[in-house]
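For reference, positions follow the sequence shown, starting with 1.
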Amino acid sequence: MSLDSSFLLDLPHVKAKLTYFTPMAEKPVIYAYERPPGIPPSNRKFETHLMPVHNIRAVSQDISLDREGFKQVVQQSNVRNFYDEDEILRVYYPEAEQLLKEVIGAEKVVIFDHTLRNAQRLQNGESGISEPIKYVHNDFTAISGYTRARKELTARGVD
């Protein structure tokens, strides 16, 4: 089975507005912290598209991480408060590492980062909370992903 297959047409879905970064000639710039006076926080432009989001639960057993690039896994967590930093580090990181070892057959998994996002908690002034991301994105480029992985592994003494 492939995600390009017509089987998607028969799956239940909803239509969702997804916002994408629009390709541009100049290099995209994002100032996450201090920026020069008079300079906007970003020069990026976005477009919103109405896209189908399919419910794959009925066919999840046929989806392959190696073929489709994702896999649905149902896993219960022992975390009781996903806004408790200590509990996330102490309970959730080891759970996620073990799950990934089992699912992908890795010998070692290193979880190194997370962001707590909640618009209401942010509005209430709670520290350690970020606003939800409102556009489709990835966190790393090929270069920044390698650089971040090397930094994290070096900090843990992993060659």
Side-chain angles (χ1 to χ4, degrees), residues 3 13-56 63 65-104 106-159:
L3 287 182
H13 69 277
V14 295
K15 296 278 187 167
K17 291 180 182 179
L18 300 180
T19 303
Y20 295 87
F21 174 63
T22 305
M24 49 197 279
E26 70 232 59
K27 183 178 179 177
V29 176
I30 305 166
Y31 290 96
Y33 303 101
E34 283 293 317
R35 61 183 187 266
I39 301 293
S42 175
N43 68 342
R44 300 171 303 161
K45 294 184 178 22
F46 297 92
E47 291 179 356
T48 299
H49 300 271
L50 195 60
M51 304 292 293
V53 178
H54 294 89
N55 182 345
I56 62 145
I63 302 231
L65 181 61
D66 290 331
R67 189 178 52 241
E68 279 82 28
F70 72 94
K71 180 174 181 67
Q72 180 187 20
V73 178
V74 177
Q75 178 71 26
Q76 294 296 316
S77 174
N78 289 313
V79 174
R80 296 294 162 242
N81 180 0
F82 279 97
Y83 291 99
D84 180 336
E85 286 286 337
D86 179 63
E87 188 175 9
I88 291 171
L89 296 172
R90 186 176 38 79
V91 179
Y92 195 60
Y93 274 33
E95 286 177 345
E97 289 171 355
Q98 185 58 39
L99 175 64
L100 285 167
K101 285 179 184 179
E102 292 169 10
V103 170
I104 66 175
E107 290 180 25
K108 179 150 183 80
V109 173
V110 177
I111 306 291
F112 61 84
D113 196 8
H114 68 275
T115 303
L116 302 177
R117 299 187 183 281
N118 184 304
Q120 186 62 52
R121 287 175 179 248
L122 180 66
Q123 187 177 7
N124 292 342
E126 192 171 326
S127 64
I129 304 291
S130 297
E131 72 176 326
I133 298 293
K134 298 173 179 133
Y135 50 86
V136 176
H137 73 287
N138 63 346
D139 290 334
F140 299 103
T141 65
I143 293 171
S144 71
Y146 175 84
T147 302
R148 180 67 186 269
R150 175 64 52 208
K151 177 183 174 186
E152 294 297 331
L153 292 172
T154 299
R156 289 171 170 76
V158 177
D159 184 17

- prompt: Is the CD atom of Q76 crowded by more than 12 outside heavy atoms at less than 6.0 Å?
  reply: no
field: Whether over 12 other heavy atoms sit under 6.0 Å from I143 CD1
entry: no
Distance-minimising heavy-atom pair for A106 and V109: CB-CG2, 3.9 Å
message: Quick one, L116 with E85, criterion side chain to side chain contact (heavy atoms under 4.5 Å, CB included). Give me CA distance, side-chain angles, the key distance, then yes/no.
response: CA-CA 9 Å; L116 302 177; E85 286 286 337; 3.3 Å; yes
query: Cation over ring, R148 on F140, under 6.0 Å and within 45°?
result: no
query: Just how far is it from atom CZ of R121 to atom OG of S130, taken to the nearest 0.5 Å?
result: 13.0 Å
message: Minimum heavy-atom separation for R156 and I111, please, with both atom names.
response: NH2-O, 3.4 Å
query: Where is the tightest heavy-atom contact between E87 and N78, given as atom of each residue plus distance?
result: OE2-O, 3.8 Å
- prompt: For the side chain of N43 and the backbone of K27, is there at least one donor-acceptor N/O pair under 3.5 Å apart?
  reply: yes
query: How long is the span from the CD atom in Q75 to the CG atom in L99, to the nearest 0.5 Å?
result: 5.0 Å
- line: Rounded to the nearest 0.5 Å, the CZ atom of R35 sits from the CD1 atom of I30 at a distance of 12.5 Å
task: For the pair V158 and K108, evaluate side chain to side chain contact (heavy atoms under 4.5 Å, CB included) and give the outcome as yes or no after the intermediate values.
output: CA-CA 10 Å; V158 177; K108 179 150 183 80; 4.0 Å; yes
- request: Indicate the atoms forming the closest heavy-atom contact of A16 with V53, along with that distance.
  value: CB-CG2, 3.9 Å
- line: Closest heavy-atom pair, Y92 versus V79, reported as atoms and distance to 0.1 Å, is CB-CG2, 3.6 Å
- prompt: Is there a donor-acceptor pair closer than 3.5 Å between any side-chain N or O of T19 and the backbone N or O of E47?
  reply: no
- prompt: Once you round to the nearest 0.5 Å, how far does CD1 of I88 lie from CG of N81?
  reply: 7.5 Å
field: Intermediate values then yes/no, side chain to side chain contact (heavy atoms under 4.5 Å, CB included), F46 and K134
entry: CA-CA 10 Å; F46 297 92; K134 298 173 179 133; over 6 Å; no
- prompt: Closest heavy-atom contact between E131 and R117?
  reply: O-NH1, 2.7 Å
message: Rounded at 0.5 Å granularity, tell me how far CD1 in I104 sits from CG in L65.
response: 7.5 Å
K151 and F112: CA distance, side-chain angles, deciding distance, side chain to side chain contact (heavy atoms under 4.5 Å, CB included) verdict: CA-CA 10 Å; K151 177 183 174 186; F112 61 84; over 6 Å; no
query: Got a second to check how far F82's CZ is from N118's CG, nearest 0.5 Å?
result: 13.5 Å
